[in-house]
Number of protein chains: 2
Amino acid sequence: MPDDGDVAAAPMGRRERKKAATRQAIADAALRLFLERGYDDVGIREIADAADVSTTTLFKHFSGKEALVFDRQDERKALQLAAVRERPQGQSVPAALREHALRNRRLRPGDEPGVTAFLELVNSTPALLDYQHATWLENTAALAQVIAEESGLPADDPACTALAHFALEAPRAARRHHDSTEALNRAFDLLENGWQSIASQA
Amino acid sequence: MPDDGDVAAAPMGRRERKKAATRQAIADAALRLFLERGYDDVGIREIADAADVSTTTLFKHFSGKEALVFDRQDERKALQLAAVRERPQGQSVPAALREHALRNRRLRPGDEPGVTAFLELVNSTPALLDYQHATWLENTAALAQVIAEESGLPADDPACTALAHFALEAPRAARRHHDSTEALNRAFDLLENGWQSIASQA
DNA sequence: CCAAAAAAGTGAACTCGTTGCACTTATTTC
DNA sequence: GAAATAAGTGCAACGAGTTCACTTTTTTGG
């Protein structure tokens, strides 16, 4: 309680700071337990106990068990939109999406050790893969709009939604193959070739 | 024991017939209750009671609550594969998939009244939409193989998986737009145009 | 400065899908 | 006809998620 060591980062009241701290404590406890013993073998009540809060409080901060793991998906979404908006001159929209997808694939050796363990956790837990994909797809509308802007097509052209949706699905389609890089490339070949005839009508 | 509507089925023993009857009783009770009061407002125990079985028995016949609603998805999958295999001469694979998708869209006027109510139930229940889509996607591998056969591409070419996956996703992408027919067509335009350059390499 | 609103947190009880267990039938097989 | 096999039973339990009535803390404004 007597915690006066202010680091003065943002203009936050005490209340907001405490709230953020509670949230962080919960997320940290959850991630630690999940990494130690696996997602399915850790219960909500255990997490709440470890973070020293009640389950009620936990659910006021997170919408569900899966949400405990993905605390920062909004950033990923924004990065994807930026990748399209700020693509090199002359590069097509699907080409930019391809590049971005390739760049953000399951990371290679030489990342922070925590990151590897995190991805291992996600990739080995069906419930987490599903949740991640579902939230990833929420970017469809925003991405479709960016695509429309960048292509000069009407904002509500269903072709933009289609490209957005397919681009977001591509990683999941590639997941079935041993060589995920080639699979991803083939999927984007399809989209890139198909998009040419659509974009040329604009 | 009422006569089975099934045509020329294998010689069923009494045991198998009773099992099938129990299964049907459960499915019937479930659908009736769901249509009467909505999916979320009917519990498993209620359904078991209505079908006069125990919940244990219910779960020996169906893998979960959602499976009670979709008793015959295998047929739909087989029909899609057939639509590609038996497409008209000279029609491309994605064109056949487009036709099939358009033909099987929801709610054309003039079908049996039960069908309309059923689709209404599914389309208004997120849990059912998700489940339906998940099982629909299970057709990806089979569809990819048919595509490979029909295109002369290697059986494990990721491009086939990509086209299969995207074609199965197209209806979901189109769902966001008011004019779902146009949206579906735009999505398949993308795939059809893109596929030309891939298929021509075979 | 202090009362009262607002927000965070609590703990327990509850719903609901789902599973495990020990058990009883009914049917098939030898 | 006995033994193997499979269907079905009833009940208790589990865990995720939600709700409720309640306490504590922080903010606000007269």
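In what follows, every chain begins at residue 1, and chains take the letters A, B, ... in the order their sequences are listed. Being a predicted model, the structure only gives us computed values, none of them experimental.
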Q. By side-chain contact (heavy atoms from CB on, under 4.5 Å), which residues pair with B:Arg176, not counting sequence neighbours?
A. A:Thr140, A:Thr161, A:His165
**Q.** Close residues, residues 52-59 of chain A, relative to DNA chain C [heavy-atom separation under 4.0 Å]
**A.** A:Asp52, A:Val53, A:Ser54, A:Thr56, A:Thr57
(Q) Which residue in the set A:Asp156, A:Leu163, A:Asp157 passes side-chain contact (heavy atoms from CB on, under 4.5 Å) when paired with A:Cys160? (A) A:Asp157
Q: Give, ordered by number, those residues of residues 40-51 of chain B having at least one heavy-atom distance below 4.0 Å to an atom of DNA chain D; if nothing qualifies, reply none.
A: B:Arg45
Q: For D:dA7, take OP1 and OP2 only and decide whether either is under 4.0 Å from a side-chain N or O of B:Lys60.
A: no
Q. OP1 or OP2 of C:dA8 sitting under 4.0 Å from any side-chain N/O of A:His61?
A. no
**Q.** A:Lys18 NZ to D:dT25 P, straight-line distance once rounded to whole Å
**A.** 8 Å
Q. Between C:dC16 and B:Lys65, is there an OP1 or OP2 to side-chain N/O distance shorter than 4.0 Å?
A. no
Q. Rounded to whole angstrom units, what separation is found between the CG atom of A:Leu68 and the P atom of D:dA16?
A. 11 Å
(Q) According to side-chain hydrogen bond (donor to acceptor under 3.5 Å, both in side chains), does anything in residues 22-34 of chain B pair up with another residue at least two apart or in another chain? List the pairs. (A) B:Arg23-B:Asp71, B:Gln24-B:Asp28, B:Arg32-B:Glu36
Q.
Suppose the criterion is ring-ring contact (aromatic ring centres under 6.0 Å, His included): which pairs have a residue in residues 166-191 of chain B, not counting sequence neighbours?
A. A:Phe166-B:Phe166
Q | Cation-pi, A:Tyr39 ring and A:Lys65 (6.0 angstrom, 45 degrees) | A | yes
Q: Report the distance from atom CZ of B:Arg14 to atom C1' of C:dT27, rounded to the nearest whole Å.
A: 8 Å
Q. So does B:Arg172 pair up with B:Asp130, basic N to acidic O under 4.0 Å?
A. yes
**Q.** Pairs involving residues 47-64 of chain A, ordered by first then second residue, that meet salt bridge (Lys or Arg N to Asp or Glu O under 4.0 Å) (sequence neighbours left out)
**A.** none
Q: Would you mind reading off the distance between B:Ile26 atom CD1 and D:dA7 atom P, rounded to a whole angstrom?
A: 12 Å
Q. Minimum heavy-atom separation for B:Leu33 to B:Val42, with atom names?
A. O-CG2, 3.6 Å
Q | Rounded interatomic separation in angstrom, taking CZ from B:Phe62 and P from C:dT18 | A | 13 Å
**Q.** Carboxylate-amine/guanidinium proximity below 4.0 Å for A:Arg87 and A:Glu99
**A.** no
